[in-house]
Amino acid sequence: MIAIYPGSFDPITLGHLDIIERSSKLFEKVIVAVLSNPGKKALFSTEQRVAQIQECTQHFPNVEVDSFSGLTVEYAKLRQAGVLLRGLRVLSDFEKELQMAHTNKTLWEEIETVFLATTKEYSFLSSSVVKEIAQFGGSVHHLVTENIAKDLVNYYQLKQ
Ligand code: PNS
């Protein structure tokens, strides 16, 4: 079974990587799919995010990184994937995620959403938290991989 792990990944965090690593043991193949959304202002371009994720997932042989635009279920159909993967951190994630899973089911009856509970050490972690800390010069080495930490430092230095 092929699983799609869709998201913004702006940038990918250790919490996301934890989900990728654990799901790679559960599914034949996991496709990390970066949503390219021109309507949503991202810090890193879609191409940068794909390259960043490729760098930190290259040691997982059954993980592929790609980007898509439009509906996630259409992308899943295209890739012949039967599962959408999402991580759940805290109870407040659940409402939005359940709504999304139900919506996707109305769009394509055959798609299943599988939720993985995020490892509890990362339950506070989000891409927004990482950006907020990096923006003010704080260390994010415990939250993201080395390549992302470097990209964040470069980004905020260039902005100054
Ligand atoms: O990392 P995010 O931003 O929480 O991921 C959200 C994402 C990309 C999974 C979701 O916004 C999405 O699937 N967008 C594509 C449009 C779509 O399919 N919408 C219908 C489901 S609500």
Side-chain angles (χ1 to χ4, degrees), residues 1-90 93-94 96-101 103-105 107-108 110-131 134 140-152 155:
M1 175 75 80
I2 300 176
I4 303 275
Y5 183 34
S8 305
F9 305 107
D10 187 38
I12 188 163
T13 68
L14 294 185
H16 293 127
L17 275 176
D18 167 63
I19 297 288
I20 294 170
E21 178 167 8
R22 286 163 51 215
S23 60
S24 72
K25 293 172 191 153
L26 299 174
F27 297 96
E28 192 185 320
K29 182 175 188 169
V30 174
I31 303 171
V32 183
V34 178
L35 175 67
S36 176
N37 183 357
K40 198 171 157 187
K41 204 178 151 12
L43 195 152
F44 295 112
S45 70
T46 307
E47 294 72 26
Q48 274 175 307
R49 283 178 276 159
V50 167
Q52 288 168 335
I53 303 169
Q54 271 166 344
E55 194 173 336
C56 51
T57 59
Q58 59 190 352
H59 52 295
F60 302 124
N62 62 337
V63 172
E64 181 189 323
V65 189
D66 193 11
S67 62
F68 74 104
S69 53
L71 291 175
T72 301
V73 291
E74 292 303 327
Y75 178 72
K77 270 185 208 168
L78 189 77
R79 299 305 310 267
Q80 297 180 318
V83 164
L84 297 180
L85 267 175
R86 296 286 290 169
L88 283 179
R89 291 166 300 189
V90 286
D93 281 345
F94 185 71
K96 180 181 142 243
E97 293 298 333
L98 191 65
Q99 184 187 29
M100 204 148 73
T103 307
N104 283 328
K105 206 63 170 146
L107 296 172
W108 185 29
E110 282 169 50
I111 196 75
E112 294 296 349
T113 300
V114 170
F115 297 114
L116 282 191
T118 304
T119 299
K120 62 181 183 313
E121 284 75 18
Y122 300 131
S123 61
F124 69 96
L125 184 52
S126 67
S127 301
S128 312
V129 160
V130 169
K131 284 182 277 195
V140 291
H141 288 88
H142 56 309
L143 307 176
V144 294
T145 51
E146 201 51 45
N147 63 322
I148 311 283
K150 273 194 200 131
D151 289 349
L152 284 163
Y155 176 87

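As a basis for the values below, the full set of heavy atoms in this structure was taken, side chains included, without hydrogen atoms, waters or symmetry mates.
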**Request:** Would you please classify the geometry between the F68 ring and the Y75 ring as parallel, tilted or perpendicular, with 30° and 60° separating the classes?
**Result:** parallel
**L84 CG to T113 OG1 distance, which is reported to the nearest 0.5 Å** = 4.5 Å
**Message:** With rounding to the nearest 0.5 angstrom, report the CZ to CD distance, F60 to E21.
**Reply:** 4.0 Å
**Asked** Are any of the side-chain nitrogens in D66 or R79 under 4.0 Å away from the carboxylate oxygens of its partner?
**Response** yes
**Fill in**
Taking every heavy atom of N104 against every heavy atom of I111, the minimum-distance pair comes out as O-CG2, 3.7 Å
Mind listing the side-chain donor-acceptor pairs of residues 25-37 below 3.5 Å, one per line with the distance, residues two or more places apart or on another chain?
unit_1, atom_1, unit_2, atom_2, d
E28, OE1, M1, N, 2.5
K29, NZ, E64, OE1, 2.9
S36, OG, T46, OG1, 3.3
N37, OD1, G39, N, 3.0

**Request:** Mind listing the closest non-hydrogen atom pair of F115 and A101 along with its distance?
**Result:** CZ-CB, 4.2 Å
**Item:** From CG (D18) to OG1 (T118), nearest 0.5 Å
**Value:** 7.0 Å
**Prompt:** Looking only at heavy atoms, which two atoms of T13 and V144 are closest? And how far apart?
**Reply:** CA-CG1, 4.1 Å
**Asked** To the nearest 0.5 Å, what is the distance between SG (C56) and CD1 (I148)?
**Response** 5.0 Å
**Message:** Any salt bridge linking E112 with K105? Criterion: basic side-chain nitrogen under 4.0 Å from a carboxylate oxygen.
**Reply:** yes
**Asked** Taking all atoms of both residues into account, what is the closest heavy-atom pair of S24 and V63, and its distance?
**Response** CB-CG2, 3.9 Å
**Fill in**
Heavy-atom closest pair (L152 atom, P11 atom, distance to 0.1 Å) is CD1-CG, 4.4 Å
**Request:** Any chance you could measure R49, atom CZ, to L43, atom CG, to the nearest 0.5 Å?
**Result:** 9.0 Å
**Y122 backbone acceptor or donor facing T119 side chain under 3.5 Å** = no
**Complete:** Shortest non-hydrogen pair, V90 vs S123, comes out as CG1-O, 4.0 Å
**Prompt:** Do R86 and K96 come within less than 4.5 Å of each other through their side chains, counting heavy atoms only?
**Reply:** yes
**Prompt:** Any side-chain heavy-atom pair from K131 and D10 closer than 4.5 angstrom?
**Reply:** yes
**Distance-only donor-acceptor check, side chains Q52 and D151, under 3.5 Å** = yes
**Atom pair CD (E55) and CD1 (I12), whose distance is rounded to the nearest 0.5 Å** = 11.5 Å
